[in-house]
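Here the structure is laid out as structure tokens; the discussion comes afterwards.
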Amino acid sequence: MIRLPLVLVFSALLFSAGVYGVLARRNAVLVLMSIELMLNAVNVNLVGFSAALRSLTGQIFALFVIAVAAAEVGIGLAIVILLFRNRETINVDEVNLLKW
Amino acid sequence: MLPTPKLDFLPVLPELILAGAGIVTLLYEALAPRASRATHLGLSLVGLAAAAGASIALWDRTGDPTVLAGAIQADRLAVVARVIIISVAAVGLLLGTHYYDRSGDERRGEFYPLVLFATTGMTLIVAAADLIVVFLALEILSLSLYVLTGMSRRGQATEASMKYFLLGAFASAFFLYGVAMAYGATGTTKIAGIAHALAGQTGGQALALVALGFLAIGFGFKVSAVPFHMWTPDVYQGAPTPVTAFMAAATKVAAFGALIRVLDVSFQPLAWDWMPVIWALAAASVVVGSVLAIAQSDVKRMLAYSSIAHAGFVLTGLTAANQDGIRAALFYLIAYAMMTLGSFGVVMLVSVRGEERTSLASYSGLGRRQPLLAGLMALFMLSLAGIPPTAGFIAKVGVFGAAIRAGHWQLALVGVVSSVAAAFFYLRVVVLMYMQEPQGEEQEEDRSPLPRLALAVPAILTLVLGVFPQMLLGVLDKASVLRW
């Protein structure tokens, strides 16, 4: 049995790594991956709480999150491809037609 | 055998109809050899009307406050919010049809199902009684809006779409982390269940407070409150104007509907902890939105900053944390939805093809070139500035009153001072339209009647609610009672 605080700390670190990635990466695909990291940190949290509280809600919620994350990647990559076709770049710093 | 929960689908009938209409238009686009916009529009409007009817029928519903195993709330707040969102969607569809008709762009048949799916998400989120449903509805509406934002051949739209997507997904992750923390703190994701669990606890509410913080960040992004507003001007400017009109008006109603439930039900026991947070968000949004709007030279960006300030005014009402505040916030949301929808609609008609002429300078002399449009724009600007006899004035009085009665007179003061500053840039548009000569040579103008007819709805409501607000206040009195 893994103790809950360990799970929470791991998830917090994973989430922070994701936040750092979103803020520091300039490549849109890597930003997308960092967001996925954040969502998975949430899943770790949900499953950890679910085990500690002995309630199933958390696990069901994690399944929902996985499904939604997949849909989100689908849309995200489509937008990135569209951007590349338009601008020949996916660097978020070079995307500056509008004032950022 | 597992016990099957009693299934009562009536309270989600509006969502079922909307999603059904979305699927029908999607199939029509895919299967019909020559799909026409008029048929699309007809199908969508029928769906919206049926959904509105189904939600109004829920007004007198008695019985369990939640259905479908506690996932959906069947109360009057949901009915009112649904009706606003559905009417905004209908006007948005009419504007969008005209926009894509005149642009000579590709067929863009996917516009209709996407708007309908976004509407489904928005109506679902205001009726959600479980944070899982809130999250799912939030994603349904966001994913549709990301695509809608990019629906134009211009590079700006693609860019806006990407910015909206990255920041929106980032915010969703924060929201989700907050939900996970709330689940950990209370062992449930039901909105009412969280309140019961928190009310019973004494001490050791660290997890719940963390949850509150993350949820505030997530909602802050969705309602575009300062300091989570960075995406708003870019997205509102880059998106096709009818999409901006729909998104600016309806998303805010939806996100605030869910925020009201989360704050005033789930975290009611911690009201003294979240009140200062909402106070600060409200003050920052009102001040920053009003000040930065002054510096804008593009009318869509200006309206985007103005929508940030308006998010602050709604939050001002919510700091009251009681029925009074909810009623004021609801009235403000209705007035805001109408004014914003109307002003973006006028912006769409003024920019002749695509997105030309969105600079403030192109509004000079509009009063002479297009008296009707200028009159409508003046009405919406006066209402946004909060000048009587328009709905914007009554709405502002309502939220300030609620905040003062709850003891937040300082916040009301900040709001009033900012409104004065904000009146400058709203009235600047009116001055440009009526007191300056038209610039440049005669250009072709958009004089089609259908979108003007659609704009009559927000215009009439803005005026009527400003003169006879009690017509709506009685309804809102009943709607602002949260059953749980």
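So you know, we letter chains A, B, ... as the sequences are listed, proteins then strands, and number each from 1. Keep in mind that this is a model prediction, so the values were computed, not measured. Scope of the values below: all heavy atoms of this structure, side chains included, with no hydrogens, waters or symmetry mates.
Aromatic pair B/F135/A/F64: ring centres not closer than 6.0 Å.
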Test side chain to side chain contact (heavy atoms under 4.5 Å, CB included) applied to B/L176 and A/M38, step by step:
CA-CA 9 Å; B/L176 213 46; A/M38 293 166 69; over 6 Å; no
Full working for side chain to side chain contact (heavy atoms under 4.5 Å, CB included) between B/T188 and A/T57 | CA-CA 7 Å; B/T188 176; A/T57 314; over 6 Å; no
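Rounded to the nearest 0.5 Å, atoms CG (A/L46) and OG1 (B/T189) are 9.5 Å apart. Atom CZ of A/F15 sits about 4.5 Å away from atom CZ of B/F174, to the nearest 0.5 Å. In this structure, the separation between CD on B/E159 and CG on A/L83 is 7.5 Å, given to the nearest 0.5 Å. Residue B/F170 holds its CZ atom at 7.5 Å from CD1 of A/I35, rounded to the nearest 0.5 Å. One finds the OH atom of B/Y183 at 10.5 Å from the CZ atom of A/F61 (value rounded to the nearest 0.5 Å).
Most heavy-atom pairs under 4.5 Å with chain B, from the set A/S50, A/A78, A/S34, A/G48: that is A/S50. Ranked by heavy-atom pairs under 4.5 Å with chain A, the list B/S142, B/G150, B/A169 is led by B/A169. Of the listed residues (A/N86, A/V68, A/L8), the greatest number of heavy-atom pairs within a distance under 4.5 Å of chain B belongs to A/V68. Contact count versus chain A (heavy atoms, under 4.5 Å) is highest, among B/D298, B/L131, B/L143, for B/L143.
Within the 4.5 angstrom heavy-atom criterion, atoms from both the backbone and the side chain of A/L82 approach chain B. Heavy atoms of B/F175 lying under 4.5 Å from chain A are absent altogether. Both the backbone and the side chain of A/S11 come within contact range of chain B, judged by heavy atoms closer than 4.5 Å.
For the pair A/V42 and B/A180, the tightest heavy-atom approach, listed with the atom from each and the gap, is CG1-CB, 4.1 Å. Nearest approach of A/S55 to B/G187, heavy atoms of both residues: OG-O, 4.4 Å.
Taking 4.5 Å as the limit, every side-chain heavy atom of A/V80 sits out of range of all side-chain heavy atoms of B/F165. No side-chain heavy atom of B/L166 sits under 4.5 Å from any side-chain heavy atom of A/V22. Looking at heavy atoms from C-beta onward, B/L207 lies in side-chain contact with A/F49 at the 4.5 angstrom threshold.
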